[in-house]
Amino acid sequence: MMKNRKLCMSSSSSSSSSSSSSSSIVTVLTEDLVLKILNKLTESSDRKTWRLVCKEFYRVESVHKKILRVYRQDSLSTLLRKYKDLELLDLSVCPRIDDFTVTFVFGSESNRWNRNLKRINLSRATALRSAGLEMIVKSFPCLEEIDLSYCWKLGDREAYALSCAKNLRDLKLVKCLGVTDVGLAAIAVGCERLEKLNLKWCLEITDLGIELLSKKCSNLKVLDISYLKVTNKSLSSISELRKLEDLSMVACSNVDDEGLHYLGNGNNSLQDLTTTFVSKLKDLKSLCSLKLDGARVSTSNLLAIGQNCNNLVEIGLSKCTGVTDEGIIALVSRQGNLKTLDLTCCNLITDATLACVAKSCKKLVCLKLESCDSITKKGLDELGLYCAHLEEVDLTDCSGVYDDGLKCLSRCSELKCLKLGLCLNISDKGLSYIASKCSKLQELDLYRCTGITDAGLIAICGGCRKLKKLNLCYCEQISDKGLKFVSTLEDLSDLEMRRLKKITSVGLVAIAAGCKSLVELDLKRCYGINDTGLWALAHYSPNLRQINLSYCSVSDMGLMAVMGNMKCLQDAKLVHLTQVSLKGLELALRASCDRIKKLKLLSNRKSLLSSDVLQMLQARGCKVRWVDKPLNFV
């Protein structure tokens, strides 16, 4: 039960304002009402602003916080003592967390409240071993979901530690390369309540492990065995999972029609089968998701699917050959529930396809049309008229898209993601249409849109205040003037500005000072960027995790400022920094070796760097990509 007491305003307010605040409506709100208000705020920026209203709002947010994403490993213990009612703990950006840290933090008596934690994300925690996982499972008996994706060093001992999580319902082991049938058997026996399991890229798992899993985990609803070396025998076992609804088996090259026949005749509840075997798809009446990416299809194939599978929510035909207007019209004309349609590189389709899609699929949310050159204003006009729910549209490399087409598309006011890369015929006028009506836009890709200038950027920054991702690479008319308006986007987390020749450190300083949420930044070939801009980044952008400084005019001091002061930095591309000395590079690498995970360096530096620096990076799990020769056009 929530306490039904009254809230008081912060005592730090001045005496002159305290009398007026005492009569404010805030003072009579009970904690449960304040919590209801908080739960209505879905945007992180809104929640941050809300908790700054007064100390009591801050306290309520802390007490009832359910989800915590930790950006710095050294602050983990402090944060866990502060937030005492968590359900999800996300450590995916703390890849260096190890057994010692886990034992120190979670084994502490002061953190016994953590027993209510239900979900934990440990993806990419490559230093974690069985002892750490045992401590996590022991500390959180209510755990229902664990994500260990890309922990490629995990093996059977770690799988055995996981098997003690008796309440586990959702487990992700994507690319855990050391897990074999033995480890999977331990999980199957110990975690009988498992409902979702992702084994994608677990290459040591065979038919034997899948057979035991199918016998022991009868509650499985979602299973991903993509890229496994399994055969029809595995599908025969999987077909007996009565509750199975979603099966992904991409690139299972040892499976043929016989295996699909087992699934079709099995006792399962399959709703989603992701595979490339066209011949049996028409037999799955309740199919919800169809992905045939890269396959050769015909109009007759698509017609058969359209006639028999009328519950499709997702269709993926990316890079399929043989896709025509006739085939797509036959496929989608009865798909009233379709929400996602991927037609990437289906370059034979025209506006006729869009007309049918728009009128038949009015619930459409995501439409991908990359490299569909025959799409013009006429097709986009149909989308604007009928697809009011569209949130994502990819028009990359669609040469038939002009400003008037964007005007039609702007009627889709729910748009959150718009990709216009390589659309060489659009200008500032087209962007102004988008800015005027698509205020919910969060991602905009303008890669190599050479007709865009500061004026278009100013319009976008004024109308699309919720932008989180912005790609301006090779938009060479953009200058510091445009960047000053970009700096007003408080939620911007990902900014790509490759080869913007007109920008300088003046614009970068504005970005650093204004975009406090910045996480990824690409400055490759921004020749006007120097140490001044990097000092600003080091001071104002503590959350930056990925940066590309290749070809920038930075020196030892600037590089040291970035690599030494950015405590969250994990990925740095440092190719062809002509003003950085070998000693300066070594100092920068030493200063960041405790957290850096990926580096890109020129190969001619490999033989010059001291062996202890390279050994230190390797010991701490850093992957270095050595580039033989810089390419002038990249």
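You'll find the side chain of Val506 stays beyond 4.5 Å of the side chain of Thr532, heavy atoms only. For the pair Asn425/Val401, no side-chain contact is recorded, criterion being any heavy-atom separation below 4.5 Å from C-beta on. In this structure the side chain of Val393 never reaches within 4.5 angstrom of the side chain of Lys368, judged on heavy atoms. Looking at heavy atoms from C-beta onward, Leu534 lies out of side-chain contact with Leu559 at the 4.5 angstrom threshold.
Remark: side-chain polar atoms of Gln579 are not paired, donor with acceptor, to backbone N or O of Asp556 under 3.5 angstrom. At least one donor-acceptor pair closer than 3.5 Å links the side chain of Gln73 to the backbone N or O of Ile97. No donor-acceptor pair under 3.5 Å is formed between the side chain of Ser130 and the backbone N or O of Glu158. Not one N or O on the side chain of Asp293 forms a donor-acceptor pair closer than 3.5 Å with the backbone of Lys319. Remark: the backbone N or O of Lys118 is not paired with any side-chain donor or acceptor of Glu145 at under 3.5 angstrom. Without hydrogens or angle criteria, Ser581 side chain to Gly584 main chain gives a donor-acceptor distance under 3.5 Å. Of the possible donor and acceptor atoms, one in the side chain of Asp531 sits under 3.5 Å from a partner among the backbone N and O of Ser555. Looking at Thr504, its side chain never comes within 3.5 Å of a backbone N or O of Gly528 through a donor-acceptor pair. Here the side chain of Asp99 pairs a donor or acceptor atom with the backbone of Arg129 at under 3.5 angstrom.
Taking a cutoff of 4.0 Å between a charged side-chain nitrogen and a carboxylate oxygen, Arg590 and Asp612 qualify as a salt bridge. Note on Asp98 versus Arg96: no salt bridge recorded, every NZ/NE/NH1/NH2 to OD/OE distance being 4.0 Å or above. A salt bridge links Asp85 with Lys66: the distance from a Lys NZ or Arg NE/NH1/NH2 to an Asp or Glu carboxylate oxygen falls below 4.0 Å.
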Just do the side chain to side chain contact (heavy atoms under 4.5 Å, CB included) check on Ile146 and Asn121 with the steps written out, would you? CA-CA 6 Å; Ile146 301 178; Asn121 188 339; over 6 Å; no

For Leu86 and Leu80, what are the C-alpha separation, side-chain angles and deciding distance, and is it a side chain to side chain contact (heavy atoms under 4.5 Å, CB included)? CA-CA 9 Å; Leu86 295 177; Leu80 291 181; 4.0 Å; yes

Take Lys440 and Glu414, measure what salt bridge (Lys or Arg N to Asp or Glu O under 4.0 Å) needs, and give me the verdict at the end. CA-CA 6 Å; Lys440 297 181 180 180; Glu414 297 296 316; 2.9 Å; yes

Please evaluate residues Val102 and Val105 with respect to the criterion side chain to side chain contact (heavy atoms under 4.5 Å, CB included), reporting the C-alpha separation (whole Å), side-chain torsions for both, the decisive distance (0.1 Å), and the verdict. CA-CA 5 Å; Val102 166; Val105 175; over 6 Å; no

Ser610 and Glu586: CA distance, side-chain angles, deciding distance, side-chain hydrogen bond (donor to acceptor under 3.5 Å, both in side chains) verdict: CA-CA 8 Å; Ser610 60; Glu586 282 202 2; 3.2 Å; yes

One pair to check against side chain to side chain contact (heavy atoms under 4.5 Å, CB included): Tyr83 and Leu89. What are the steps and the verdict? CA-CA 11 Å; Tyr83 299 111; Leu89 178 60; over 6 Å; no

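For the pair Lys597 and Thr126, the tightest heavy-atom approach, listed with the atom from each and the gap, is NZ-OG1, 3.4 Å. In terms of heavy-atom proximity, Cys94 sits nearest to Tyr71 at SG-C, 4.1 Å. Between Leu203 and Tyr227, the shortest heavy-atom contact is CD2-O, 3.3 Å. Scanning both residues, Asp90 and Arg69, for their nearest heavy atoms gives OD2-NE, 3.3 Å. Closest approach of Val93 to Gln570, counting heavy atoms only: O-NE2, 2.8 Å. Nearest heavy atom pair, residue Cys515 against residue Ser487, reads SG-CA, 3.7 Å.
Ser553 and Asn530 share no donor-acceptor pair across their side chains, judged by distance under 3.5 Å alone. Remark: the Glu490 side chain and the Ser517 side chain contain no N/O donor-acceptor pair separated by less than 3.5 Å. Thr488 and Arg465 are linked by a side-chain donor-acceptor pair at a separation below 3.5 angstrom, with hydrogens and angles left out of the test.
Checked against a 6.0 Å centroid threshold, the rings of Tyr551 and Tyr527 do not count as neighbours.
Taking CG of Asn604 as the start and CG of Asp628 as the end, the distance is 9.5 Å to the nearest 0.5 Å. Rounding to the nearest 0.5 Å gives a distance of 9.5 Å between CG of Leu367 and SG of Cys412. For the atom pair SG (Cys464) and CG (Leu470), the distance works out to 10.0 Å, reported to the nearest 0.5 Å. Note: Gln442 CD to Lys466 NZ = 7.5 Å, rounded to the nearest 0.5 Å. If you take CD1 on Ile503 and SG on Cys475, they are separated by 11.5 Å, rounding to the nearest 0.5 Å. If you take CG on Asn471 and CG on Asp522, they are separated by 8.0 Å, rounding to the nearest 0.5 Å.
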Got a list of side-chain donor-acceptor pairs under 3.5 Å for residues 613-620, not counting sequence neighbours?
none

Could you list the donor-acceptor pairs under 3.5 angstrom formed between side-chain atoms of residues 426-436 and any protein atom two or more places apart in sequence or on another chain?
unit_1, atom_1, unit_2, atom_2, d
Ser427, OG, Asp403, OD2, 2.5
Ser427, OG, Lys429, N, 3.4
Asp428, OD1, Thr453, N, 2.8
Asp428, OD1, Thr453, OG1, 3.4
Asp428, OD1, Gly456, N, 3.2
Asp428, OD2, Thr453, OG1, 2.3
Ser432, OG, Lys429, O, 2.5
Ser436, OG, Ser432, O, 3.4
Ser436, OG, Tyr433, O, 2.7

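Because its NZ or CZ atom is not both nearer than 6.0 Å to the ring centre of Tyr474 and within 45° of the ring axis, Arg499 does not count as a cation-pi partner of that residue. Relative to the ring axis of Trp201, Lys175 places its NZ or CZ within 45° and under 6.0 Å from the centre.
Residue Lys172 qualifies as enclosed at atom NZ: its count of foreign heavy atoms under 6.0 Å is above 12.
Just one of Val554, Leu601, Val562, Val580 meets the side-chain contact (heavy atoms from CB on, under 4.5 Å) condition when paired with Leu574; it is Leu601.
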